[in-house]
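Encoded as structure tokens, the structure appears first; notes follow it.
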Amino acid sequence: MDVSHLLDELNDAQREAVTAPSGHVLVLAGAGSGKTRVLVHRIAWLIQVEHVSPLGILAVTFTNKAAGEMRHRTGEMLQISTRPLWIGTFHGIAHRLLRMHHREVGLPEGFQILDSEDQLRLIRRIIRDEGLDETHWPSRQAQWFINARKDEGQRPKHIEHNDHPVTATWTHVYQRYQEYCHRGGLVDFAELLLRAHELWLEQPEVLDHYRKRLQHLLIDEFQDTNTIQYAWLRMLAGKSGNVFVVGDDDQSIYGWRGAKVENVQLFVRDYPDVATIRLEQNYRSTGTILNAANALIAHNQGRMGKKLWTAGETGKNIHLYAAYNEQEEARYVIECIKRWIDGGRKPSDAAILYRTTAQSRLFEEYLLRESIPYRVYGGQRFFERSEVKDALAYLRLLNNPNDDAAIERVINKPTRGIGEKTISDLRLQARESGLSLWQAIGESLKQGVLASRAASAVGAFVKLVSDMQERLADFTLGNQIQGVIDDSNLVQAYEKEPSERRETREENLRELVNAADRFILPGEDADAGLTELQSFLSHAALEAGETQGEAWDDCVQLMTMHSAKGLEFPLVFIAGMEDGLFPHQRSIEDAGGRLEEERRLCYVGMTRAREELCLSYAEVRRMHGSESFSRPSRFIEEIPEELIEEVRPRAAIQRPYVPASRSQARDRVARTHVPNQAWPFKLGQPVVHKKFGEGTVMAFEGQGDHTRVQVNFDQAGAKWLVLAYAGLQAA
DNA sequence: TCCATTGACGTTTTT
DNA sequence: CGTCAATGGA
């Protein structure tokens with residue numbers, strides 16, 4: 001058979017990966033080295049050359065977008081239906097397994113998925129119910145605790161908390177949370193993975209069935225897998241499965257949410273026969289950009305090792321701009337983009353990347369001022385909008401009225417006279433008798449324990465839900481949603497909002513009905529016995545809508561470096577290259593390798609650029625209301641000087657800029673910077689402290705013996721010291 | 001029940 | 001500084 005079309009467009013390393021003999025393969029795929037292409041060609045190779053049945057292949061990714069792209073490209077390449085192939089996200093595949101085996105894992109047939117927001121609300125509810133003070137016991141922390149434990153495969157009974165009151169309390173909340181979820185037939189994201197793992201553990205015959213069938217497992221972005229995902233995978237692979245993983249330890253940027261880069265090393269240890277293949281040829285960036293990125297990432301310890309190269313051009317030097325402050329930084333970046341567009345390039349070719357979401361604001365302001373179209377990624381997604389979630393909550397009640405999370409959300413929306421007092425009475429009743437809210441409402445009405453006004457309001461709600469269930473039972477999905485919106489009179493809840501806001505909400509609700517009309521029940525959900533409604537609700541939770549914009553939007557792209565992973569742009573700006581911001585202060589202070597993750601994030605950011613890369617930092621930045629000085633990011637120093645072209649000399653730090661609009665501030669700063677003061681150091685001067693080591697002078701305050709100096713230490717971060725006692729030496 | 005004021009808080013985010 | 005959630009008075 002002619003297989004040239006599978007191999008023609010591949011380089012040697014890619015071809016080696018695609019044609020690797022059965023067994024375990026680790027592909028270390030650098031940024032822009034064609035990893036998706038390798039995955040797609042590998043699938044095609046298995047089917048067309050190795051004659052593996054499409055039913056025997058499982059390909060797993062992290063995002064729906066990546067899964068969709070892989071499926072699409074595989075279909076184009078093979079010219080066959082990709083229906084029988086299992087391609088999906090970890091969560092999507094776990095969901096599918098749980099649907100098919102809900103009995104074995106103890107879930108009701110119509111179980112529903114709780115998104116992070118619902119989860120947080122439920123946890124907050126429980127913390128209050130348990131009589132805990134939320135200032136000492138923040139619900140976010142509990143959420144983090146529960147999810148982290150689930151990601152590690154732990155149930156409350158596994159958690160040791162000898163003499164540890166915090167762990168003991170959170171474990172208790174975890175336990176209570178699980179009870180609520182159980183009663184409401186609810187499953188959160190981490191639970192999907194954990195249950196799928198427990199399915200393997202507790203149902204050997206089910207595991208055996210899938211082991212026999214799925215002989216080829218392909219994993220994308222392997223460096224992002226967490227403990228439970230890897231454990232799940234290993235069990236599925238068993239002794240005979242072939243595991244083909246693609247990843248890049250240098251692009252692991254999700255350690256803070258449980259991803260384990262160590263899995264890459266573990267994989268090599270767990271499968272000693274693994275063939276390791278490096279994809280180092282880059283098809284995206286200029287030589288200069290790659291050299292800079294290589295030099296930067298070389299500062300990390302314990303890498304698998306990899307060096308990107310290109311057959312293409314060297315390209316321009318990396319621009320470095322030292323702005324006086326964040327306003328000036330934004331001004332400069334937008335100016336560059338304007339020039340780029342005037343030079344005939346598209347706005348969508350340019351991306352502004354930053355560390356924290358709050359940084360987007362200024363750039364937006366300046367883009368708006370210059371009338372340049374832009375788009376900020378990572379905003380709220382369609383199925384996360386509150387009005388959409390309100391409508392979905394009513395739908396969830398049609399499916400299962402014992403869904404406490406849904407009842408809490410809409411019982412008084414729009415207001416129907418069910419106040420906080422009534423609701424908390426009902427909660428108490430539910431808690432004491434171990435019932436769902438819906439059941440507790442039924443009991444309360446039957447026993448007549450509610451005040452008459454409350455009873456009639458609650459009775460009306462019960463009637464509303466029951467009537468909807470009856471009236472809408474045989475409607476199409478779209479009509480069900482329209483019916484729920486009409487019957488509940490949901491839009492009344494927004495009537496007092498400003499008209500613009502209200503109109504968007506109504507528009508989103510119409511769009512929700514449209515989405516439902518277009519929705520086609522996937523075959524696998526039908527096979528699992530799901531109704532259209534159940535399937536749609538799951539779909540809404542698992543694919544909350546697009547995160548990343550469409551290519552046809554010719555807009556300047558604004559996003560965090562995290563959300564830029566996997567994307568590329570001809571012109572990339574990385575703003576806010578300051579110690580304390582990037583790398584973030586929290587990571588600098590952290591002892592456990594966070595700084596290296598931060599460096600990887602920088603590596604990811606830099607390798608997004610195809611043609612031009614521009615780094616910038618502000619000497620003074622307003623943060624949390626006050627101005628702070630910081631030194632340029634240590635990452636800048638880690639890039640070879642000869643690759644960098646400074647647009648404005650860095651020495652400028654000795655002349656702090658003060659915005660004209662803040663004349664008071666100017667006076668104050670100007671006075672403190674009179675050069676004939678008896679200060680032994682200049683601003684920006686490198687100094688040494690016997691305890692904190694080397695640092696840079698950032699600011700002075702006060703006079704004579706009371707003079708204090710702010711020094712940003714390389715290791716210890718920024719500190720205010722009394723000059724008379726600090727014993728600083730010029731470095 | 002609603003709205004306005006106050007207060008706490010401040011890294012990254014997909015499923 | 002800006003945001004969001006909680007609180008308390010009308």
Side-chain angles (χ1 to χ4, degrees), chain A residues 60-67 88-95 113-121 124 128 134-135 138-140 144 147 150-151 187-194 196 221 224-226 228-229 252-259 326 353-362 377-381 383-384 412-422 457 493 495-497 538-548 559-566 576 580-590 594 597-598 600-602 604-605 621-628:
Chain A
V60 198
T61 64
F62 276 85
T63 65
N64 292 301
K65 190 183 169 210
T89 63
F90 273 103
H91 291 86
I93 285 162
H95 173 242
I113 301 167
L114 211 57
D115 71 17
S116 331
E117 193 206 341
D118 294 337
Q119 182 189 38
L120 184 64
R121 281 165 173 258
R124 185 176 294 145
R128 282 181 198 171
E134 284 167 271
T135 51
S139 45
R140 285 205 169 277
W144 183 86
N147 289 335
K150 288 188 177 186
D151 285 347
V187 166
D188 61 51
F189 291 129
E191 185 79 17
L192 288 169
L193 303 174
L194 184 47
E221 305 275 19
D224 287 340
T225 51
N226 63 29
I228 197 77
Q229 286 160 340
S252 162
I253 55 175
Y254 287 113
W256 52 274
R257 65 176 198 211
E326 75 277 13
L353 311 184
Y354 35 78
R355 178 64 235 268
T356 65
T357 45
Q359 284 170 264
S360 73
R361 244 197 62 247
L362 262 185
Y377 287 72
Q380 210 179 25
R381 284 152 341 143
F383 286 108
E384 287 170 0
N412 199 32
K413 191 179 279 183
T415 49
R416 44 174 75 91
I418 304 176
E420 194 46 45
K421 174 75 174 71
T422 310
E495 69 182 355
K496 286 179 209 80
E497 297 188 349
S538 308
H539 170 84
L542 282 174
E543 299 186 44
E546 53 157 48
T547 337
Q548 306 194 324
M559 68 193 84
T560 63
M561 276 171 281
H562 281 93
S563 27
K565 193 164 101 165
L581 182 60
F582 188 38
H584 197 274
Q585 194 60 38
R586 294 249 177 119
S587 309
I588 295 173
E589 286 159 6
D590 184 272
R594 285 283 172 80
E597 181 157 306
E598 209 86 352
R600 293 193 290 264
L601 185 59
C602 189
V604 167
R621 183 176 293 271
R622 246 193 131 67
M623 265 180 105
H624 311 320
S626 62
E627 289 195 322
S628 62

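Only heavy atoms go into these numbers, but all of them, side chains included; no hydrogens, no water, no symmetry mates. Below, chains carry the letters A, B, ... as their sequence lines are ordered, and counting in each starts from 1.
Residues I418(A) and G625(A) each lie close to DNA chain B; by heavy-atom proximity, the contact nearer the 5' end of the strand is made by I418(A). Both H562(A) and N412(A) sit near DNA chain B, but only N412(A) has its closest nucleotide nearer the 5' end.
Applying the side-chain contact (heavy atoms from CB on, under 4.5 Å) criterion to D115(A), with sequence neighbours excluded, gives E117(A), D118(A), F189(A), K389(A). Looking at residues two or more places apart in sequence or on another chain, you find a ring-ring contact (aromatic ring centres under 6.0 Å, His included) between Y254(A) and W256(A), H562(A). Judged as a side-chain contact (heavy atoms from CB on, under 4.5 Å), and not counting sequence neighbours, the contacts of E384(A) are Q380(A), R381(A), A544(A). Remark: S626(A) pairs with no residue by the side chain to side chain donor-acceptor pair (under 3.5 Å) rule, at least two apart or across chains.
Here, dA5(C) and dT12(B) have their P atoms 15 Å apart, quoted to the whole Å. The separation of dT13(B) from dC4(C), taken at their P atoms, amounts to 15 Å, rounded to a whole angstrom.
D151(A) comes within 4.0 angstrom of nothing in the nucleic acid, heavy atoms only. Contacts of L114(A) with the nucleic acid, taken as non-hydrogen atoms under 4.0 Å apart, are absent. Residue contacts for D188(A): at a heavy-atom cut-off of 4.0 Å it reaches no nucleic acid atom on any strand shown.
Side-chain atoms of E598(A) never come within 3.5 Å of backbone atoms of S587(A) as a donor-acceptor pair (strictly under, hydrogens ignored). When atom types are taken as modelled, the side chain of Y354(A) and the backbone of M561(A) share no donor-acceptor pair closer than 3.5 angstrom. When atom types are taken as modelled, the side chain of R600(A) and the backbone of S252(A) share a donor-acceptor pair closer than 3.5 angstrom. With hydrogens and angles ignored, the 3.5 Å screen pairs no side-chain donor or acceptor of D188(A) with any backbone N or O of L114(A). Not a single donor-acceptor pair under 3.5 Å links the side chain of N147(A) to the backbone N or O of R257(A).
Look at NZ on K413(A): it is 14 Å from P on dT1(B), rounded to the nearest Å. In this entry the distance linking NZ of K65(A) with P of dT15(B) reads 11 Å, nearest Å. Across the protein-nucleic acid pair, D115(A) atom CG and dT13(B) atom P stand 17 Å apart, rounded to whole Å. Rounded to an integer number of Å, the gap from CG of N64(A) to P of dT15(B) is 5 Å. Rounding to whole angstrom units, CZ of residue F90(A) and P of dT14(B) are separated by 17 Å. Atom pair R416(A):CZ and dT1(B):P shows a separation of 11 Å (rounding to whole Å applied). When rounded to the nearest whole Å, the span between CG of L542(A) and P of dT15(B) equals 9 Å. Remark: P of dT3(C) and CE of M623(A) are 15 Å apart, rounded to the nearest angstrom.
Between I113(A) atom CD1 and H91(A) atom NE2 the span is 9.5 Å, to the nearest 0.5 Å. Taking CG of L542(A) as the reference point, atom NE2 of H95(A) lies at 5.5 Å (rounded to 0.5 Å).
Which of dT15(B), dT13(B), dC2(B) sits closest to the side chain of T560(A) comes down to dT13(B). Closest to the R361(A) side chain, of the nucleotides dT12(B), dT15(B), dG2(C), is dG2(C). Proximity note for T357(A) (side chain, C-beta onward) versus dC2(B), dT12(B), dT13(B): the nearest is dT12(B).
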Please list, pair by pair, any protein nitrogen or oxygen found under 3.5 Å from a nitrogen or oxygen in nucleotides 4-9 of chain B.
none

Nucleotide N/O of nucleotides 6-10 of chain C paired with protein N/O under 3.5 Å:
from	atom 1	to	atom 2	distance (Å)
dA6(C)	OP1	R128(A)	NH2	3.3

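One finds a side-chain N or O of T415(A) lying less than 4.0 angstrom from the OP1 or OP2 phosphate oxygen of dC2(B).
Side chain S116(A) to base dT15(B): a donor-acceptor pair is found below 3.5 Å.
Stacking between W256(A) and dT12(B) is present: the aromatic ring centre lies within less than 5.5 angstrom of the base six-membered ring centre, and the two planes differ by under 30 degrees.
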